[in-house]
Amino acid sequence: MADSTELSIAIIGAGIAGLTAAIGLKRNPSINVQIYERATELREIGATIALGPNGLKTLDKLGIANALEDSVAFRNKSGYPMIYKHYQTNETVSVDRHSDAVLERYHTARFHRPHLQRALLQHVEPSIINLNKSFASVKQDDITGKLLVTFTDESTTLVDLVLGADGINSAVRKYFVPTSQASWTGWVAFRSVFPSSHLSHIADLPDEAVHIWGPDRTLFLSPLAQGLFTVVGSHQSDPKSPNAAFNDSLWSSDGDVSTLREFYKDWSPVVKAIIDATPYTKVYPNTAADTLSTWIFGDGRVTLAGDAAHAHGGAFAAGGSEAIDDAWAFSQAVLHFFSESAYPNDSRASKVARALQLYAATRQSHTKRVQTTVQARNARVVKRLGEQETDGSLRKRMTQREDLKWIHEHDVEAAFKEAKRQFLKL
Ligand SMILES: Cc1cc2nc3c(=O)[nH]c(=O)nc-3n(C[C@H](O)[C@H](O)[C@H](O)COP(=O)(O)OP(=O)(O)OC[C@H]3O[C@@H](n4cnc5c(N)ncnc54)[C@H](O)[C@@H]3O)c2cc1C
């Protein structure tokens, strides 16, 4: 006999994945969604984030069109998602291109992270966000048969489904896969966001997002919406070396701009002028986790999304859009099984289990391919450390980049349809 009470979902983490999943689920108001967030206030850190056509299209599909507006999202006016420049000559050596079919609205955009977070929050009822709630455990409640989620303050909640969207060091993932751990890739980003007015004296200031490549490091520069500008420097170490530079640095800790000036002292005059005028920098050591063999835990009632499911660090600027696509696929899978007339003879637990299988079938193999591609790229970068590179081979590396359209233009809706066809024979 079907049971008629509403479905209750606990989303752990109010990051991009958690907020977007909650927005997706709003289409069925009889589903009770609560978000549990460890932080005591919602304050997005991490400076900037890029979203590709896949993430932007999904936001639009979910009615989050405000995130695509020019007051929030910065797009290159040339239409190129990325422009690659030479570190000494400042000439454009190569560009990325969107497929012709990608509408201008979905051209890759850069965001100041708080702007994107605010755009998402406009669609989330504040009362469903429970702050200062850090996930501790989840098990079946003997009396109700529901999932009993316990937080570190020992408070609890009973729900039918748990979505772990708690980021790269996910406590939900570690609870079910204790051996899974994000480890340092050896790459460290030095990020800052500040008003462009700091750079108004620089004649050749880039007015588009550019990635400048040198033999041993890169520099990302981009204007952002609302008159901001971002500078992202980088350093690559061998993570296995006991003396690796920055191996003890902490996420979002204060960096030293003089380190940046030293990194880029032999670069073009425009780069040096920008770095000289950069008022501060923060340090972000990049970490990544291994792929998971399953995304479904807790008797088929717990799953993961975003970095919790497939953390690969900031590589290819893909993680934000992947988190959005996960959230869309998760919410669609749940809505499919929990629409008014669907599966009237199935139990709630069976529908939850099938929804999670449909979600994993839509997302797991694609995100695994992204993760393994990033791992292979990271291994190549570490292998190259210490090699002397000629200008010719730098230019070759710049022009012979992998084509990543399969990541940035991935069609999650088509993948969902195909998963439904295979999994549900629909
Ligand atoms: C340096 C760097 C640069 C990046 N640049 C880009 C980029 O340009 N483009 C891009 O697409 N991606 C980028 N990424 C990746 C991107 O930031 C992530 O993939 C994306 O933020 C993942 O979203 P999420 O919601 O899964 O996790 P998060 O945004 O990390 O959100 C997780 C949330 O869970 C909360 N939480 C954690 N633990 C608990 C707990 N125990 N209980 C309750 N709540 C908890 C956290 O406080 C947080 O609010 C970058 C990553 C790095 C490291």
Side-chain angles (χ1 to χ4, degrees), residues 10-22 34-56 59 74 81-82 108-113 116-117 120-121 129-138 149-153 155 162-175 182 184-185 187-191 209 211 220 222 224 230 232-234 249 251-252 282-289 304-327 330 367 370-371 374 404 407-408:
I11 296 178
I12 312 297
I16 296 172
L19 292 175
T20 310
Q34 294 290 318
I35 303 177
Y36 297 91
E37 166 58 47
R38 179 178 60 182
T40 50
E41 58 173 322
L42 283 184
R43 200 169 52 90
E44 180 60 272
I45 54 169
T48 34
I49 188 160
L51 295 182
N54 55 337
L56 294 169
L59 288 178
F74 174 84
M82 187 68 96
T108 296
R110 273 89 195 177
F111 298 82
H112 185 31
R113 290 180 89 117
L116 178 60
Q117 188 191 49
L120 294 174
L121 282 171
I129 304 178
N130 305 270
L131 295 173
N132 206 6
K133 292 284 171 202
S134 186
F135 172 89
S137 67
V138 54
V149 183
T150 304
F151 300 96
T152 52
D153 62 3
S155 60
V162 172
L163 177 67
D166 52 342
I168 202 155
N169 297 310
S170 169
V172 180
R173 186 184 68 225
K174 274 192 213 146
Y175 183 77
W184 186 43
T185 63
W187 192 74
V188 178
F190 295 80
R191 303 185 150 230
H211 209 204
F220 174 72
S222 180
L224 300 172
T230 188
V232 184
S234 66
S249 50
W251 179 256
S252 196
K282 281 187 172 267
V283 182
Y284 298 91
N286 192 41
T287 55
L304 303 170
D307 278 1
H310 46 73
H312 54 65
F316 304 149
S321 292
E322 284 184 281
I324 290 166
D325 280 353
D326 287 349
F330 169 79
T367 56
V370 177
Q371 252 182 305
V374 171
L404 298 175
I407 297 179
H408 300 303

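Just follow the structure's listing: the first ligand is 1, and inside any ligand the first atom is 1. Note that these values count all heavy atoms, side chains included, but never hydrogens, waters or copies made by symmetry.
Side-chain contact check for Thr185 versus Val374: every heavy-atom pair is 4.5 Å or farther apart. Side-chain contact check for Leu19 versus Ile129: some heavy-atom pair is nearer than 4.5 Å. Taking 4.5 Å as the limit, every side-chain heavy atom of Ser234 sits out of range of all side-chain heavy atoms of Phe190. In this structure, the side chains of Val370 and Glu322 come closer than 4.5 Å at one or more pairs of heavy atoms. Counting heavy atoms from C-beta outward, Thr40 and Leu131 have side chains that stay 4.5 Å or more apart. The closest side-chain heavy-atom distance from Thr20 to Asp326 is not below 4.5 Å. With contacts defined as side-chain heavy-atom distances shorter than 4.5 Å, the pair Phe330/Leu163 qualifies. Side-chain atoms of Pro53 and Thr108, non-hydrogen and from C-beta on, do get closer than 4.5 Å to each other.
Those atoms of ligand 1 that come under 4.0 Å of a heavy atom in Gly306, given as number and element, are 26 (O). Near Ala165, meaning under 4.0 Å from one of its heavy atoms, ligand 1 places the atoms 32 (C), 33 (C), 34 (O). The Lys133 neighbourhood of ligand 1 comprises atoms 42 (N), 43 (C), with distances under 4.0 Å to a heavy atom of that residue. Set against the non-hydrogen atoms of Ala171, the atoms of ligand 1 under 4.0 Å away are 41 (N). Proximity to Ile12 (heavy-atom distance under 4.0 Å) selects the following atoms of ligand 1: 42 (N), 43 (C). Each of the atoms 16 (C), 17 (O), 21 (O) of ligand 1 lies under 4.0 Å from some heavy atom of Arg113. Close approach of ligand 1 to Gly13 is summarised as follows: ligand atoms under 4.0 Å from at least one heavy atom of the residue are 33 (C), 34 (O), 35 (C), 44 (N).
The shortest heavy-atom contact between Ala309 and Leu304 is CB-CB, 3.8 Å. Pairing each heavy atom of Ala50 with each of Arg110, the nearest pair is CB-NE, 4.0 Å. Val172 approaches Asp166 most closely through the heavy-atom pair N-OD2, 3.1 Å.
The CG atom of Leu120 lies 11.0 Å from the CG atom of Leu42; values are rounded to the nearest 0.5 Å. The structure places CZ of Phe151 at 8.0 Å from CZ of Phe135, a figure rounded to the nearest 0.5 Å. For the atom pair Met82 CE and His408 NE2, the distance stands at 8.5 Å (nearest 0.5 Å).
Under 4.0 Å from ligand 1, the heavy atoms of Trp251 that appear belong solely to its side chain. With a heavy-atom cut-off of 4.0 Å, Ser170 does not touch ligand 1 at all. Contact annotation for Tyr36 and ligand 1: only backbone heavy atoms (N, CA, C, O) come within less than 4.0 Å of the ligand. At a 4.0 Å heavy-atom cut-off, ligand 1 does not touch Arg110 at all. When heavy-atom distances to ligand 1 are checked against a 4.0 Å cut-off, Lys282 has no atom that comes that close, whether in backbone or side chain.
Ligand 1 lies out of reach of Glu322, whose nearest heavy atom is not under 4.0 Å from it. At least one heavy atom of Arg191 sits closer than 4.0 Å to an atom of ligand 1.
Here's the thing with Phe135: one of its N/O atoms is less than 3.5 angstrom from an N/O atom of ligand 1. Considering both main-chain and side-chain atoms, Ile16 comes within under 3.5 Å of ligand 1 through a nitrogen or oxygen pair. For ligand 1, the polar-atom distance check finds an N/O of Gly320 within less than 3.5 Å of one of the ligand's N/O atoms. Close N/O approach between Arg38 and ligand 1 is found [any backbone or side-chain N/O within under 3.5 Å]. Residue Glu37 has at least one nitrogen or oxygen atom sitting less than 3.5 Å from a nitrogen or oxygen atom of ligand 1, judged on distance alone. Between Ala189 and ligand 1, not a single N/O pair is under 3.5 Å apart.
Evaluated by nearest non-hydrogen atom to atom 7 (C) of ligand 1, the leading choice among Ser234, Ala50, Ser252 is Ala50. Of the candidates Asp307, Leu131, Ile168, Asp307 brings a heavy atom nearest to atom 19 (O) of ligand 1. Of the candidates Ser321, Gly167, Gly15, Ala17, the one placing a heavy atom closest to atom 27 (O) of ligand 1 is Gly167.
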